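One structure below.
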Amino acid sequence: MTNKNKLISKITDFTTKTAQIPGSKSIANRALMISSIANGVSKLSNIPECDDVLAFVDALENLGIKCEKDGDKMQIFGNSGKFENIKNTVLNCKIAGTTSRFLTALASLCKREIVVTGEGKLLERPIKDLCNALLALNVDVKYLKNDGCVPVSVSSSCNFASEVLINGAISSQYTSALLMIAPYFSSGLQLRASSPVSKPYIDLTIDIMGTFGVKVENNEYLSYNIPKSQYTSQDFAIEGDWSSASYFFGISMLTGMKIEISGLKTTSLQGDRRILDIFKQLGAKIEENNNIISLIAPKTIKALKINMENMPDSAMTIICTLAFADGISEISGLSTLKNKETDRLAALHNELQKIGINTEVFTDKIVIYGNSELKLENCVEIETYHDHRMAMCFAMIASRLGNLAILDPKVVSKSMPEFWDICKKIGLNFNVC
Ligand SMILES: O=C(O)C1=C[C@@H](OP(=O)(O)O)[C@@H](O)[C@H](O)C1
Ligand SMILES: C=C(OP(=O)(O)O)C(=O)O
């Protein structure tokens with residue numbers, strides 16, 4: 001993929017299009033982690049080829065896990081939790097939060113000093129609460145650069161305590177990481193969690209653990225009982241990514257074009273599946289036929305007040321849609337967005353302002369002054385802040401307004417390298433500039 005800036009003009013061909021959504025990176029990373037310590041060989045299919053998943057596979061190979069790739073399928077040769085063939089003790093997670101949090105936990109099963117590191121903004125994203133919990137579990141964790149961030153060194157003799165408290169307010173990824181390694185503790189784990197956020201991601205973790213044979217008791221996301229156990233290898237198909245799909249539903253919403261979207265599971269536990277309910281509240285109709293989903297846009301987009309704490313990733317898609325609503329909207333529950341690839345509310349505020357949309361940003365919410373009549377006469381450059389979701393959100397806006405030059409478009413490879421190809425297929429016109 002080239003990284004020339006993309007100048008996007010608005011959609012002019014409104015015939016029905018199709019879009020196939022790639023596999024979920026959240027599900028893929030959980031399936032990879034669990035398969036790596038399962039008994040036997042797991043066969044994963046529909047694995048997305050995005051940077052965050054590639055970094056995970058690379059790290060597993062460094063830890064001596066055999067991962068045999070065949071197209072979008074992969075065989076993972078589980079080691080039953082015994083890391084006896086470690087090749088490289090430094091794991092580079094690039095800019096992937098989930099990958100780094102999960103691997104920091106996995107490193108504590110390795111009985112060798114492992115360094116978990118990364119690049120760019122990841123070196124500033126918080127991991128302290130997870131490390132504090134690991135320290136309380138008798139794992140030795142040291143910060144090698146910035147306090148509370150990767151790179152961290154993790155050493156453990158696997159003499160784990162049997163209970164621990166995790167602060168769940170900053171990220172659910174810490175809880176997911178601990179849940180997935182806990183079956184390998186000699187007494188299992190009683191995990192208590194305070195102020196949990198992004199809960200659907202915890203449901204996803206517990207569900208996939210269950211598929212691989214470990215049943216977790218979840219007491220209202222405030223405590224979990226994880227038995228001592230072993231995962232059993234599985235044949236496991238990764239379902240399509242609802243966060244990735246949100247941009248294509250958004251394009252339908254903003255342009256009126258019908259896109260038949262496939263690859264998604266309508267009963268998915270992914271929290272971002274709820275994006276359809278929100279689009280309905282904004283006035284859209286949803287059609288579902290043989291696992292193909294399409295959004296029929298309303299004439300005017302209704303303003304909305306909603307809490308999206310359970311859907312942090314698709315909150316940006318909704319904010320950018322509400323920029324064109326008839327009225328003032330407010331989205332709350334967004335305190336975690338400052339700890340993502342960039343400070344997302346600040347980034348959205350800056351770039352929406354450039355196109356004439358006003359927003360007010362608070363610590364955990366954003367107020368959006370929608371403008372359903374907005375047009376752009378001149379080209380505006382949009383910064384993407386090394387954030388895939390900024391590029392995808394503004395491509396969505398460009399499908400309606402045209403005249404947007406998206407800078408550093410390659411950022412989409414973090415979760416969906418196919419993004420620009422799919423855009424082209426559904427009729428988005430862009431030139432490199
Ligand atoms: O567990 C996961 O797969 C994820 C959890 C969420 O993070 P937080 O729990 O930090 O909100 C989400 O933003 C991220 O993209 C993926
Ligand atoms: C926040 C995200 O991912 P991560 O935390 O895994 O970097 C994301 O994909 O939007």
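Atoms within each ligand, like the ligands themselves, are counted from 1 in listed order. Keep in mind the model is a prediction, meaning the values are calculated, not measured. Note: hydrogens, waters and symmetry copies are ignored here, and every other heavy atom, side chains too, is used.
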How far is [atom] from its nearest protein heavy atom, and which residue and atom name does that atom have?
| atom | answer |
| --- | --- |
| atom 6 (O) of ligand 2 | T98 OG1, 2.4 Å |
| atom 2 (C) of ligand 2 | E341 OE2, 3.1 Å |
| atom 9 (O) of ligand 1 | S172 OG, 2.5 Å |
| atom 3 (O) of ligand 2 | K25 NZ, 3.1 Å |
| atom 10 (O) of ligand 2 | R389 NE, 2.6 Å |
| atom 15 (O) of ligand 1 | D313 OD2, 2.5 Å |
| atom 3 (O) of ligand 1 | S26 OG, 2.6 Å |

For K414, which residues count as a side chain to side chain contact (heavy atoms under 4.5 Å, CB included) partner, sequence neighbours excluded?
K25, D52, I95, E341, H388

Residues at least two apart in sequence or cross-chain that pass side chain to side chain contact (heavy atoms under 4.5 Å, CB included) with E163, listed by chain then number, are Q190

Can you name the atoms of ligand 1, numbered from 1 with element, that are less than 4.0 Å from a heavy atom of [X]?
| X | value |
| --- | --- |
| S171 | 8 (P), 9 (O), 10 (O) |
| S198 | 8 (P), 9 (O), 11 (O) |
| P312 | 11 (O), 13 (O) |
| K340 | 6 (C), 7 (O), 8 (P), 10 (O), 11 (O), 12 (C), 13 (O) |
| R30 | 1 (O), 2 (C), 3 (O) |

For S176, state whether at least one heavy atom is located under 4.0 Å from any atom of ligand 1.
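No; S176 lies far enough from ligand 1 that no heavy-atom distance drops under 4.0 Å.
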
Closer than 4.0 angstrom: is that true for some heavy atom of T98 and an atom of ligand 1?
yes

Which atoms of ligand 2 sit under 4.0 Å from any heavy atom of G97?
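Per the distance check, 4 (P), 5 (O), 6 (O), 7 (O).
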
Taking only heavy atoms of H388, which atoms of ligand 2 are found under 4.0 Å from at least one of them?
8 (C), 9 (O), 10 (O)

Consider every N or O of A96 and every N or O of ligand 2, then say whether any pair is closer than 3.5 Å.
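Checking ligand 2 against A96, no N or O pair falls under 3.5 Å apart.
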
Just wondering, more than 12 heavy atoms not from [X] lying within 6.0 Å of its [atom1]?
| X | atom1 | result |
| --- | --- | --- |
| D207 | CG | yes |
| K424 | NZ | no |
| K111 | NZ | no |

Aromatic contact, Y231 with Y184 (centres under 6.0 Å)
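So the answer is yes for these two rings.
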
Ring centres of F419 and F248 under 6.0 Å apart?
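Centroid distance F419-F248: below 6.0 Å, so yes.
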
Between T205 and R30, is there a side-chain donor-acceptor contact under 3.5 Å, judged purely by atom types and distance?
yes

Any side-chain donor near an acceptor of the partner, Q20 and E418, under 3.5 Å
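No - no donor-acceptor pair under 3.5 Å links their side chains.
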
With a cutoff of 4.0 Å, is R344 in contact with ligand 2, counting heavy atoms of the residue only?
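It does, in that a heavy atom of R344 comes within the 4.0 Å cut-off of ligand 2.
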
Judged on heavy-atom distance to atom 5 (O) of ligand 2, which of R125, R101, K94, K340 sits nearest?
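When every heavy atom of R125, R101, K94, K340 is considered, R125 comes closest to atom 5 (O) of ligand 2.
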
Is the side chain of R273 donor-acceptor paired with the backbone N or O of S268 at a distance under 3.5 Å, no angle test?
yes

Any nitrogen or oxygen of T336, side chain or backbone, less than 3.5 Å from one on ligand 1?
no

Y201 N/O under 3.5 Å from ligand 1 N/O
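In fact, backbone or side chain, Y201 has no N or O that close.
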
Which residue in the set I202, N218, L189, V214 passes side chain to side chain contact (heavy atoms under 4.5 Å, CB included) when paired with L179?
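It is I202; the other options fail the test.
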
Would you call E351 and K354 a salt bridge, taking side-chain N to carboxylate O under 4.0 Å as the test?
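Salt bridge present between E351 and K354.
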
Just let me know how M416 lines up against ligand 2, side chain, backbone, both or neither, with a heavy-atom cut-off below 4.0 Å.
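The answer is neither.
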
Stepwise side chain to side chain donor-acceptor pair (under 3.5 Å) test for E260 and S294:
CA-CA 5 Å; E260 295 180 337; S294 312; 4.8 Å; no

